[in-house]
Colleague: 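I have a structure I would like to understand better, so I am pasting it below and will then ask my questions one at a time.
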Amino acid sequence: MSEYILDVTDVDKNFGGLQALSDINLRVKEGTVHAIIGPNGAGKSTLLNVIVGRLAPSRGRVLLGDQVLTGKEPHEINQLGVARVFQTPEIFPELSLLQNVMVPAFAKREGIFKMNFLKSLFAEKEVREHAEHLLEDVGLLQHQDHLAGSMSRGDKRRLELAMCLGQQPKLFLLDEPTAGMSRHDTNRTIDLLKRIKERGMTKVIIEHDMHVVFSLADRISVLAQGAIICEGTPEEVRNDPRVKEAYLGGETV
Amino acid sequence: MSNTKIVSPKKDMIFMAILSVVVLTMPIWLQPFGAAYPDLMQKFMIFGIFAIGYNILFGLTGYLSFGHAAFLGVGSYTAVWSFKLLSMNVIPAMIFGTVLSGLFALAIGFVSLRRSGIYFSILTLAFAQMSYNLAYSVLTPITNGETGLQLAQSDPRILDHMSGIVADGSLPTPNLFGIEGIGYSGFYICAALMLISFFIYLRIFRSPFGLKLRAIKSNQNRMGYTGFSTRPYLMTAFVISGMYAGLAGSLLAVTDPLAGAERMQWTASGEVVLITILGGVGTLIGPLLGAGIIKYFENIFSAFNDDVLLNAFSFLPDWLAHPVASVVGLFVGEGWHLTLGLVFMLIVIFLPGGIMEGITRLTRLVTKRDKAEPKSEAHETKEKEQTSAGEV
């Protein structure tokens, strides 16, 4: 086992003539929080899409521990232990909150496909209790029977977090987990993410909100125009002149 | 029937018991509606099976198949062949009908499920129309083309001959170890099968598998990032619903051992879509209600003719009775599809959740009046939830 849980090597991604990612090298140590920041259109979400298998890289490869992720389907990559939170929450709007959390719990237990169609959901006590516990963790237990689609955006986001946490992923990718949230909700999310951090789950987080980045990240990579221009601890990045020029535009953080 | 609660098996057993009583006493309580004759009640059961099977696919996964009549047809042809070659017993006919339809669904599903949404619908429609045309042309040796596949005195019926059952004089009728497949006994055979089918269907609804199918309908994208391969799930649902259609088709052959290609036509596929939407897509009991209502009105309305109408309007003066009767005549008899179309439009516009949504709204109206409690915020969210649950 290499010491890095995520190892992205020489990744390029072209869309026709547009080079969205060029020569990306990214290594993330197990148990750390790694933030990726950068201006809009820098290629942050494209990079996440390459890691989770939604996009195939034009060149290069992605490893999770010792396993090659490149060329695998998103559901296979998820089964290997990569969970993802999307920019706009991807939940099951027509299911209850509890059912939303139960589905990924089944994925964790049963793998890619299982035909248990005569078993009763009611008898799945273990999965239900696990799901209830997860909802309690994110503070949504009292709404467990509500339809997920009827919840507020912040609640949907926390639900999505709970769904991913239920799979106990080795690598947790978060695409702007606090986008569009009020300051109050943002702080609650930060607290939640800090608590998860203590459990030793590795996280890669894309974020615009510097308050979130600097209160969570162990290391930061700065992406601009498809290339990583700087990587280091929050302190180093904060003081790097290239970063200020490319991203912060001289603004003090 | 809200889908957000996880229902205990005990409640489901009570539900099954009530349903069984309701179904088995149909010959009694359908009397006042003039629908208590076995032919029609058998149709209720058969199209009920067809519709609940269809609901497993359309209601749970949201994949709108426009070619389910093909499986109905395959079930019918297989059953008639089983009558001809093996035995007039309905059991082998049903088993072969169901299994062969399942295999057929496997093949069609394998191709069609590569696409979703409208492309899936078009693919299934294309396959069904292809089967229909094949049945009329190339496959005539198997389907007997336009005449339809019929029984004959000279059929081999190997199993029957081996057990010494020989048809005398008239054509033999399908039976279950001597119990006739038509008349009241035929109704009870169909009712029993419908209840068994419904029980399996109920279990599918309440299983983790059913939950995953609903999750696919709700957000297929998230399903992929949740570690499920959606294709095998969709495939299983497609095959199961194809087998339900096959069973329904073979039962149609039991009630009338004659299989024609028109059973596979797109209008027949459209009918089951209509039944399901009318009753309530994705609801447990909706498709059964839809099947009952459509088959009932088909029977009642299509039986009216001009004389009956003139009689009904005889209380009007002559100069009025004739025009009224001819206008109403457009909507009954041959033209009953016009009525169906209108009712369908009204349902889709005002009750997109079908009859089941109407029932939910009514019960909510009644319970609200009973309680008359102050409206709290929690109450409001609950309401919102129920509305959206009804629309599923």
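Throughout, protein chains are lettered first and strands after them, A, B, ... in sequence-line order, and every chain is numbered starting at 1.
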Colleague: With side chain to side chain contact (heavy atoms under 4.5 Å, CB included) as the criterion, how do B:K10 and A:F122 come out once you've worked through the C-alpha distance, each side chain's angles and the decisive distance to 0.1 Å?
Modeller: CA-CA 10 Å; B:K10 207 171 141 195; A:F122 194 78; over 6 Å; no
Colleague: Evaluate the ring planes of A:F117 and B:F209, with Trp represented by its six-membered ring, and classify them as parallel (under 30°), tilted (30 to 60°) or perpendicular (over 60°).
Modeller: tilted
Colleague: Who are the salt bridge (charged side-chain N to carboxylate O under 4.0 Å, His left out) partners of B:K11, not counting sequence neighbours?
Modeller: none
Colleague: Is there side-chain contact between B:R206 and A:K119, with heavy atoms separated by less than 4.5 Å?
Modeller: no
Colleague: Are any of the side-chain heavy atoms of B:N219 and A:E90 separated by less than 4.5 Å?
Modeller: yes
Colleague: Going from CZ on B:R231 to CZ on A:F113, what distance comes out if it is rounded to the nearest 0.5 angstrom?
Modeller: 12.0 Å
Colleague: Tell me whether A:Q167 contacts the main-chain N or O of B:T226 through its side chain, where contact means a donor paired with an acceptor under 3.5 Å.
Modeller: yes
Colleague: How close do B:P208 and A:S120 get, counting heavy atoms only, and between which atoms?
Modeller: CD-C, 4.3 Å
Colleague: Could you please state which residues from residues 100-112 of chain A sit under 4.5 angstrom from chain B, measuring non-hydrogen atom to non-hydrogen atom, sorted by number, or 'none'?
Modeller: A:M102, A:V103, A:P104, A:F106, A:A107, A:E110, A:G111, A:I112
Colleague: Any chance CD1 of B:I118 has more than 12 other-residue heavy atoms, nucleotides or ligands included, within less than 6.0 Å?
Modeller: no
Colleague: Please name all residues satisfying side chain to side chain donor-acceptor pair (under 3.5 Å) with A:R27, sequence neighbours left out, ordered by chain then number.
Modeller: A:D7
Colleague: Roughly how far, to the nearest 0.5 Å, is OG of B:S229 from NE2 of A:H75?
Modeller: 4.0 Å
Colleague: From A:L95 CG over to B:K212 NZ, what is the distance, rounded to the nearest 0.5 angstrom?
Modeller: 13.0 Å
Colleague: Working to the nearest 0.5 angstrom, can you tell me the gap between A:E94 CD and B:K217 NZ?
Modeller: 7.0 Å
Colleague: Please classify the contact between A:M151 and chain B as side chain, backbone, both or neither, with a heavy-atom cut-off of under 4.5 Å.
Modeller: neither
Colleague: Please round to the nearest 0.5 Å and tell me the distance separating atom CG of A:L121 and atom CD1 of B:I6.
Modeller: 4.5 Å
Colleague: Under a 3.5 Å distance rule, please check whether A:N78 uses its side chain to pair with a backbone N or O of B:G227 as donor and acceptor.
Modeller: yes
Colleague: Search all heavy atoms of A:V52 against all heavy atoms of B:Y225 and return the closest pair with its distance.
Modeller: CG2-CE2, 3.6 Å
Colleague: Where does A:R54 contact chain B at under 4.5 Å (heavy atoms): side chain, backbone, both or neither?
Modeller: both
Colleague: Select one option (side chain, backbone, both, neither) describing which atoms of A:L98 are under 4.5 Å from chain B's heavy atoms.
Modeller: side chain
Colleague: Among A:K114, A:E73, A:E76, single out the residue with the greatest number of heavy-atom pairs under 4.5 Å to chain B.
Modeller: A:K114
Colleague: Atom CZ in B:R203, atom CG in A:N116: separation rounded to 0.5 Å?
Modeller: 11.0 Å
Colleague: What are the residues of residues 233-248 of chain B, in order of number, with any heavy atom under 4.5 angstrom from a heavy atom of chain A?
Modeller: B:Y233, B:T236, B:I240
Colleague: Within a 6.0 Å radius of atom CZ on A:F15, are there more than 12 heavy atoms belonging to other residues, nucleotides or ligands?
Modeller: yes
